[in-house]
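Following: one structure in structure tokens, then a few remarks.
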Amino acid sequence: MLTIVSSSEIEKKRVEMLVIPVCEDADIHPPALMPALLHQARDLKGFGADNEDIVFYAPSGVLAAQVMIVGLGKKDKLDGEMLRRACGRAIKKCIQKEISEALFVVPFTEVLHMEPDVILEAMVEGALLGNYQFDRFKKPKHPSLLKIAFAVPKGSVQHARRLSQKINIICDGTLLAREWVIIPSNLKRPEQFARSLVQAAEKENLKTEVLDHTALKKKNFGALLAVAAGSDANARMVILEHDPGNTAQTLALVGKGVTFDSGGINLKPQGSLEDMKMDMAGAAAVAATMITAARLKLPVRLIGVLPLVENMPSGSATRPGDIVKSFSGKTIEINNTDAEGRLILADALSYVIQTYKPDAVVDLATLTGACVVALGERIAGVFSPDDEMSETLVASGRKTFERCWKMPLPEDYRDLLKSEFADICNITGLKWGGAITAALFLSEFTENTRWMHVDIAGPAYVKKETAYCGVGGTGFGVRLLCDWIEQMVKTE
Ligand code: BES
Ligand code: ZN
Ligand code: ZN
């Protein structure tokens, strides 16, 4: 539970843990509000240094049972992400110490060259996201906190309450996406995953529709069905709609939902298979964004399209060299069954564009290992012919620290996807530029609609815990898309 209290209560609150972030080279709290303890602590070695935390037990001057002084480093280097990390770190320490409630003191001072909203937003995000532990199959070693509070100046309590409620909703969305990604593939085969998505969406009164195998066949989703062919689990396509009425624009979000990517007949080698339950992270992020948008009552019509398949090898699997007819009518030569994401996205993009005529479409996908080679594990690649739209996303990435980097879509690379026998091939014969050619493949199915592709193969999943994320799905894309949608609504 998240609460906001006035900073005049810091000394009087009977909490288990009081958390005070500090810088090493400046006072970032108004001295009158701070316990004398802080002044004494100043002389301790490491005080305020980045990553250095000092804990006092039963200190005098406050009613808190413990006080954690969290180091932020140098004042001029401080940014939102450092605050997010520091709060995530503090929460993890509290979890280890089996603390059930913590009160964070929010620095609101002229000394920091940061907007008060940015400070609060980052701190709340770091704490709420850091407090999450996946507990479906075993109890975590230590429980998560039950109560997290933030102390702000008296005059800003009302505003901080409103803002923190919004951040809470967005963090819940991120955690929902994380949870879906962590669930193993045996428990989220397309039909079951579709049900889970629909159930969560209906709670928020989103309109939902599910196309099953028969419907997909009838509507000629040839590329999507070709990916599903090897699995004994049938494909699904989930369509979610948030329609507040009277809106100027319709935005469509498409998310890759491969519930397990074995590679198909082009079977992946050991080492590349183990985390492929995460290949539906795009779908998870899109669905969670739709749900979040509904909770926030964002004044824009949103359509979410989630093609769900399992990519498996078997006697009925698609073979390298097979040719299929996509929903758009274009024929595709499937020369590599491991390049399956683009096949299901192609059909989903054509479908959403033809059916809903959106003003813009964004797709999120764990699409290529090549994008991870290019940008590493923490930055997503953005591909779009529309600079204005993609720059807005990159800016949202800077703000949320779900970082995105604009990649090129060179026209002359298009030839690499030529097929001898079909309209297009799903891979090139080359080793290089795989993230770009994958994006160019998708662009063949976007007609003239404003479109942007975000390759999240790197940042969707972490194998080692970070300051505010445990091992597993990161929920990457939810905070990013929520901010981006807000920007799109503002500029209409
Ligand atoms: N799901 C993978 C991409 C991926 C790789 C996601 C690593 C997350 C981490 C995708 O379907 C894939 O297999 N792509 C191939 C494309 C190739 C066959 C052209 C790849 O990147 O190797
Ligand atoms: Zn693949
Ligand atoms: Zn894949």
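A quick note: this is a predicted structure, and the numbers were derived from the prediction, not measured. Ligands are counted one by one from 1 in listed order, and the atoms in each one are counted from 1 as well. These numbers come from the heavy atoms of this one structure, side chains and all, not from hydrogens, waters or symmetry mates.
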Check whether any side-chain heavy atom of Ile239 lies under 4.5 Å from a side-chain heavy atom of Tyr351, and answer yes or no.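 Yes, close enough: below the 4.5 Å cut-off.
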Quick one, list the residues around ligand 1 where some non-hydrogen atom comes in under 4.0 Å, by chain and residue number.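 Around ligand 1, where the cutoff is 4.0 Å for heavy atoms, the contacting residues are Lys256, Asp261, Lys268, Met276, Met278, Asp279, Asn336, Asp338, Glu340, Arg342, Thr366, Leu367, Thr368, Gly369, Ile427, Ala457.
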Distance-only side-chain donor-acceptor flag, [X] / [Y], under 3.5 Å:
X      : Y      : answer
Thr368 : Arg342 : no
His142 : Glu98  : yes
Asn311 : Ser262 : no

Check this for me, if you would: do Glu391 and Lys406 make a salt bridge, where the nitrogen-to-carboxylate-oxygen distance has to be below 4.0 angstrom?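 Salt bridge flag = no for Lys406 with Glu391.
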Does a salt bridge link Glu81 with Arg85, judged by any charged N lying under 4.0 Å from a carboxylate O?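 Salt bridge present between Glu81 and Arg85.
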Only one of Asp363, Thr446, Asp386 clears side chain to side chain donor-acceptor pair (under 3.5 Å) with Trp451; which?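 In the set Asp363, Thr446, Asp386, the residue that makes a side chain to side chain donor-acceptor pair (under 3.5 Å) with Trp451 is Asp363.
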Atoms named by residue and atom, protein N, O or S, within reach of the Zn ion (ligand 2) (under 2.8 Å):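 Protein N, O or S atoms closer than 2.8 Å to the Zn ion (ligand 2): Asp261 OD2, Asp338 O, Asp338 OD1, Glu340 OE1.
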If you count every heavy atom of other residues, nucleotides or ligands that lies below 6.0 Å from Arg378 atom CZ, does the total exceed 12?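 Incorrect, the count does not exceed 12.
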Scan Leu298, Val362, Leu481, Leu302 and name whichever one has a side-chain contact (heavy atoms from CB on, under 4.5 Å) with Leu251.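 When side-chain contact (heavy atoms from CB on, under 4.5 Å) is applied between Leu251 and each of Leu298, Val362, Leu481, Leu302, only Leu302 qualifies.
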